[in-house]
Amino acid sequence: MRMLRLLVLPFICLSLWGQDPALREAFLQAKATWASLGNREDATTRFESVMNALAPKAKTLDAEWLQVLCESYNWLAVLDDRSAATKPRAMVRFQSLVDLNPDFELDKTITSQRLVALHERIRSEKYAAVHLSYVPEGGRLIVDGQPSLPLARKYLPFGSHKLLYQRPGHTASEQTVELAPRDAKTLAFNLPRIASTIYLQTSPSGPEILLDGRSLGHTTGRGGQESTALAISVGLRPEDLSEPFVISELPPGKHRLEIQGPCFRPKVLTLGEEFSKPFADHTLEPIRMAPSRGTLSVKSAWPGGELFLSGESRGPLPIKDLSICSGTYDLMVRFPSGGFTQRITLDDGKSLALEVRPRPRLAFLGLEGGDFTGRARFAAQLAGLGERLQQLAFLPPRPGETPAAALARIKSMREAELILSAAPSADKGSHGIELTVTTLDGEADRQVVRPLEEDPLAVLVQGLDKMPPIKRPGLGVTLLDLPGEPGPWVLAASEAAQKAGIQTGKPLTEVNGQPVSGVQAALRALEPTKETTAVKQGEQVFNLPTVTEFLEIPLGRPELCYPAILANLRLQYLGAKGEEANLLKLNIGLVLMHFRKYDKAIEVLRDAHFGATQGISQGTLDYHIGRCFLRLGPAYQAEAIQAFSQALKYPQATLLSLDGPQVAPLAKQALEDLK
């Protein structure tokens, strides 16, 4: 009956059992097998299974599982002692128990006086007892630099030991003790109070604690049985709370206590002066954090996009009303070609909707070369390049990957459209760094910068972010700035503009009610969202239909980064149709001509067909095809003549814009030169 009573004693807290149910069951069955059935062999087998599972990881066990292992050694010694054949193993069990935890006290309700004496003899061969008292209790004991339970009696190895006892809000006390065989020393720790302390627990664990704006850390862990009363007071279980978080040495005066986390609404408490004086311990009511969430929607006209938030995939686009924690995220959408990146902040209870398009991905390979003056500063600027770019998605180098390995990976997997390399200039006297932006097909722009300049990346950033427009709102008229005229001169007009009443050979003086003195002022006054535009010519006002005018990418501009322009055009083409697709092909061909890739340019230009005959139109395409054949050499003279002859059929075709040079005179001159 004595053993049956033992089974109902609490030997371990409930949080233990959630960790390993099978091991828990083996431990309970071992006790029950011996207590209720008297089956020593079966009980021994079960206790040994527990011991074999726990002993190999004894150094990493928490206090609860360590207690289970110690109890198992105690029970096994008792069971071994009941048989002559296994009696010698009892000493081995006690030896393992002492080595594991010399402070463990045997359960004397199951252990005979003879076995208790055996355990004491084994322990006294290596350890001496130290009797300890603590005022106040509830502090932390550190023995020889290692945390230890603040027990009333501890067993320490022979020799010299330093014991430190500390408690928040009190002055710590350290004492040294010398122990020899059969010693029994007594140490008393009496800590003077120096400040008030605050104890708080949060549900759930993890929020950050700030006192007067200064971070003190985060709550961690789970509450134990000592938190039961507090948990019940707010309708929670102990394990729903964090471990107690201690604010020690609270300064005098009032204080602002903030509790915040990325997925929770912040809590703010005011601690009055009564919390700091007189000195005392203050336990706050558990703080329940309310979730803080918002919704995010992301869509795109381009297919194949996958959404990532701070590196975590959230699935393919479109995504509608995705519920996420409020906070700041690095949003990225990966497309089959190109990507989109943006840092977003989602507020509690708010919704954010984005419509995204792929941008060229710029993969930085890393800074090559050895040490040089200003290297660390320059490397930091390159690492932060992505935060400065508006038109590109920046991919930083992978840690530990060489530039050569990164280049091979990016090319084989086509993980980016653009590559940025940085290496000391080949001109050793320049002390500069050569920055090279290259497409995967090899079109490259280079510039040499000085690392010690105030902003050595300014020109690079400007070039990467500047995408010249390829269309603009217009009036269907060709305008020209002439000296002495009050406004832009109408050189030519479309049929629709003429039908509306506009006359050639006369200036415009107002657009949408705004006085205009030149072509650029007229263009700025246009409103592309309006179907018609009011223009004044002479004393009359005409409503001209607002049209879209096509533009060419200007070539040879040093402030532009043409690899980035080419990558951007190629991505736009993936989602384009009709005349817009043809306009993109024209400009892709032009940039290829800029890189002297005339054969590739011809392929692209020949694949485009404009329905328009005025401004940037079919005649423009034919003229550029002729220029490409001229560059390929005399062997392609016949093809060049054919292309220029075709361009002559479009007398209203222009270059650059509707207001640019006419194609026909240029094509005629080219044919004359070929004779």
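- Note on residues 189-209: pairs passing salt bridge (charged side-chain N to carboxylate O under 4.0 Å, His left out), not counting sequence neighbours, are R193-D281.
- Between R222 and D240 no salt bridge is recorded (no basic side-chain N to carboxylate O distance below 4.0 Å).
- In this structure a side-chain-to-backbone donor-acceptor pair under 3.5 Å is present from R361 to E415.
- Side-chain N/O atoms of T345 and T328 include a donor and acceptor closer than 3.5 Å.
- Between L257 and T270, every side-chain heavy-atom pair lies at or beyond the 4.5 Å cut-off.
- Not a single donor-acceptor pair under 3.5 Å links the side chain of S72 to the backbone N or O of F47.
- Sorted pairs that involve residues 201-256 and meet ring-ring contact (aromatic ring centres under 6.0 Å, His included), not counting sequence neighbours, are lacking altogether.
- Seen from the ring of F308, R334 counts as a face-on cation partner, given the 6.0 Å and 45° thresholds.
- Under a 3.5 Å cut-off, the side chain of D62 and the backbone N or O of W65 do form a donor-acceptor pair.
- Shown here for A43 and T33, the closest heavy-atom pair between the two residues is N-CG2, 3.8 Å.
- Ring centroids of W302 and F335 are separated by 6.0 Å or more, keeping the two rings apart.
- For the pair R293 and D348, the salt-bridge criterion is not met [side-chain N within less than 4.0 Å of a carboxylate O].
- A393 and F340 get closest at one heavy-atom pair: CB-N, 4.4 Å.
- Within a 6.0 Å sphere centred on CZ of R409, heavy atoms belonging to other residues, nucleotides or ligands number more than 12.
- Using a 4.0 Å cut-off between a side-chain N of Lys or Arg and a carboxylate O of Asp or Glu, R256 and E258 qualify as a salt bridge.
- Using a 4.5 Å heavy-atom threshold, the side chains of R153 and L132 count as separate.
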Dump the intermediate steps for side-chain contact (heavy atoms from CB on, under 4.5 Å) on R40 and S83, then the final yes or no. CA-CA 9 Å; R40 188 181 67 83; S83 170; 3.4 Å; yes
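- Residues Y165 and F189 place their aromatic rings such that the two centres sit under 6.0 Å apart.
- Under the 4.0 Å criterion applied to side-chain N and carboxylate O atoms, E178 and K185 are not assigned as salt-bridge partners.
- Side-chain N or O atoms of S196 include one that pairs as donor or acceptor with a backbone N or O of A280 at under 3.5 Å.
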I'd like to know whether V130 forms a side-chain contact (heavy atoms from CB on, under 4.5 Å) with L179, so could you lay out the CA-CA distance, the side-chain angles of the two residues, the decisive distance to 0.1 Å, and finally the verdict. CA-CA 9 Å; V130 180; L179 297 176; 3.7 Å; yes
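- One finds the CG atom of L317 at 6.0 Å from the CG atom of L307 (value rounded to the nearest 0.5 Å).
- The local environment of NZ in K87 is crowded, with over 12 non-hydrogen atoms from other residues, nucleotides or ligands closer than 6.0 Å.
- In this structure, the separation between CZ on R237 and CD1 on I232 is 12.0 Å, given to the nearest 0.5 Å.
- The two atoms that bring F364 and L382 nearest to each other are CZ-CD1, 3.6 Å, heavy atoms only.
- Pairing each heavy atom of L236 with each of R288, the nearest pair is CD2-NH2, 3.6 Å.
- Partners of R314 according to the side-chain hydrogen bond (donor to acceptor under 3.5 Å, both in side chains) rule, which considers only residues two or more places apart in sequence or in another chain, do not exist here.
- Looking only at distances, a side-chain donor or acceptor of T219 sits under 3.5 Å from a matching main-chain atom of G206.
- With respect to the salt-bridge test (charged N to carboxylate O, under 4.0 angstrom), the residues K31 and E71 qualify.
- Summarising the local packing, CD of E125 is surrounded by more than 12 heavy atoms from other residues, nucleotides or ligands at distances under 6.0 Å.
- In this structure, the side chains of M51 and L69 come closer than 4.5 Å at one or more pairs of heavy atoms.
- I194 has its side chain out of reach of H170: every pair of non-hydrogen atoms, C-beta onward, lies at least 4.5 Å apart.
- For the pair E273 and K277, the salt-bridge criterion is not met [side-chain N within less than 4.0 Å of a carboxylate O].
- Side-chain contact between L163 and V177 is present, with at least one heavy-atom pair separated by less than 4.5 Å.
- Remark: the backbone N or O of D80 is paired with a side-chain donor or acceptor of T86 at under 3.5 angstrom.
- Residues Q201 and S227 bring a donor and an acceptor atom of their side chains to less than 3.5 Å of each other.
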V68 and L23: side-chain contact (heavy atoms from CB on, under 4.5 Å), yes or no, with the steps? CA-CA 10 Å; V68 170; L23 207 56; over 6 Å; no
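- Taking the side chain as every heavy atom from C-beta outward, I198 and T283 never approach each other to under 4.5 Å.
- When atom types are taken as modelled, the side chain of R343 and the backbone of Y329 share no donor-acceptor pair closer than 3.5 angstrom.
- Salt bridge status for R93 with E48: present, with a side-chain N to carboxylate O gap under 4.0 Å.
- Remark: side-chain polar atoms of H282 are paired, donor with acceptor, to backbone N or O of F275 under 3.5 angstrom.
- Here CG of L106 is found 10.0 Å from SG of C70. Values are rounded to the nearest 0.5 Å.
- For the pair N52/S49, no side-chain contact is recorded, criterion being any heavy-atom separation below 4.5 Å from C-beta on.
- Side-chain atoms of D321 do not come within 3.5 Å of backbone N or O of L296 as any donor-acceptor pair.
- Checking side-chain atoms of D81 against main-chain N and O of A77 turns up no donor-acceptor pair under 3.5 Å.
- Atoms NZ and CG, from K59 and L61 in turn, are 12.0 Å apart once rounded to the nearest 0.5 Å.
- In terms of heavy atoms, P252 sits closest to S276 at CA-OG, 3.5 Å.
- Considering every non-hydrogen atom in both T197 and E249, the closest pair reads CG2-N, 4.2 Å.
- The distance from atom OG of S205 to atom CE of M289, rounded to the nearest 0.5 Å, is 11.5 Å.
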In sequence, state the C-alpha distance, the side-chain angles, and the governing distance for F104 and N74, and then conclude on side-chain contact (heavy atoms from CB on, under 4.5 Å). CA-CA 10 Å; F104 180 78; N74 190 171; 4.0 Å; yes
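- A distance of 9.5 Å separates CZ in R167 from CD in E137, rounded to the nearest 0.5 Å.
- Atom CZ of R114 has more than 12 heavy atoms from other residues, nucleotides or ligands within 6.0 Å.
- Within the 4.5 Å cutoff, the side chain of L211 has heavy atoms near those of the L250 side chain.
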